[in-house]
S.K.: 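Please read through the structure below; I'll follow up with questions.
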Amino acid sequence: MKAMVLRAPKTPFELTDVPDPVAGPGEAVARVLACGSGLTIQHIKAGRIAAEFPRIIGHEITGEIVAVGPGVDGLRVGDGVTSYYYLNCGHCRYCQTNFEPLCVNSGGNVGRTCDGGYAEYIKLPAHIFIRLPEGLDYKAHPAEVGVITDALATPYKVLRRARVRAGETVAVFGAGGGVGIHQLMLAKWARARVIAIDVATNKFDACRKAGADEVVDASAGNVAEALLDLTRGKGVDVAIDYVSTTATLEAAARSLGIHGRLVTLGGAGQSFTVSSLEMLLKEQDLLGSRYVTRSEILETLDLVARGEIWPLVSEIHPLAEAEAVHAKLERGEVIGRAALRIA
Ligand SMILES: [Zn+2]
């Protein structure tokens with residue numbers, strides 16, 4: 001099969017022929033129709049997230065099962081599928097109690113510790129594939145359907161994690177990013193008042209289109225003050241930080257009102273200082289959020305199937321153009337998600 005292979009971090013892709021994957025016991029192989037191109041996998045290419053090489057990256061797939069190995073039930077040849085991102089075990093206490101991202105036997109990630117979707121075929125443990133629901137026209141929209149598993153499901157989970165209710169004010173830090181912009185969309189869908197915060201002013205129009213009622217240019221500084229002004233001093237109900245530097249986290253914490261909730265899921269992962277007295281007096285919550293459960297992916301797929309939300313894939317390219325797509329990702333020039341069309 002044709003595959004886009006990375007021999008090492010910080011090297012260009014090589015479009016090359018590799019052996020077709022063969023489904024062993026408990027495994028299945030899917031033909032890949034499309035695969036999302038987000039910043040997480042660009043971090044792998046750029047060496048900022050560790051991986052094993054050579055590697056075929058990509059996890060936001062739409063595919064069709066072409067082979068199932070011995071012992072696999074629940075998947076049949078011809079099934080439309082997407083993929084769960086974590087190679088979780090499916091058996092531990094966390095996997096069995098709907099906390100799958102916290103699996104204690106995790107084998108890593110699709111496209112990081114095993115080969116992913118930048119290829120004509122992908123082989124995974126069968127339980128990592130997720131069958132697409134009826135009513136989702138994945139053949140007509142494989143790129144959009146592929147990115148649901150991460151770009152849309154991750155912010156969908158955050159709505160519940162932060163207990164967002166209609167009429168509340170939700171501030172999204174890093175709103176112009178691929179997941180941030182989908183967070184705006186989902187917060188609007190949840191009938192919140194939505195404030196987008198970013199330094200990328202070229203993405204503000206897209207933020208407004210996605211659902212932001214207001215935008216705040218973080219490069220001007222004073223973000224907490226701007227958020228307090230926009231809420232007449234009350235503060236925001238929910239601040240969601242897709243950046244998570246010390247500066248964004250402290251601004252997010254200072255912008256919270258009574259019963260405010262701060263959710264951190266940004267990759268910077270820096271430390272920050274908050275006032276415990278403010279937290280106590282206002283009964284505020286600090287929350288971490290990582291990837292999603294299978295049930296959250298299924299619920300998000302259903303939302304798209306019902307036409308309530310539509311993923312923002314602004315550009316779709318053939319597999320051969322992966323290098324150019326990743327150069328744009330690195331420069332921060334992609335609005336929403338880019339995707340590669342493979343079959
Ligand atoms: Zn587990």
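For reference, positions follow the sequence shown, starting with 1. Every number for a ligand or one of its atoms is a count from 1 in the order of the listing. Here the structure is a predicted model, which is why all the values come from computation and not from measurement.
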S.K.: Under 3.5 Å, is there a donor on one side chain and an acceptor on the other for Asp150 and Thr154?
M.R.: yes

S.K.: Could you point out which residue of His259, Arg163, Arg161 forms a side-chain hydrogen bond (donor to acceptor under 3.5 Å, both in side chains) with Asp285?
M.R.: Arg163

S.K.: Are Gln270 and Thr246 close enough that a side-chain donor and a side-chain acceptor fall under 3.5 Å?
M.R.: yes

S.K.: If the threshold is 4.0 Å, N to carboxylate O, is there a salt bridge linking Arg165 and Asp237?
M.R.: no

S.K.: Examine Lys157 relative to Tyr291 and say whether NZ or CZ is less than 6.0 Å from the centre of the six-membered ring and inside a 45° cone about the ring axis.
M.R.: no

S.K.: What protein N/O/S atoms sit under 2.8 Å from the Zn ion (ligand 1), by chain and number?
M.R.: Cys89 SG, Cys92 SG, Cys95 SG, Cys103 SG

S.K.: Only counting residues at least two apart or in another chain, list the ones meeting ring pair (Phe, Tyr, Trp, His ring centres under 6.0 Å) with Tyr94.
M.R.: none

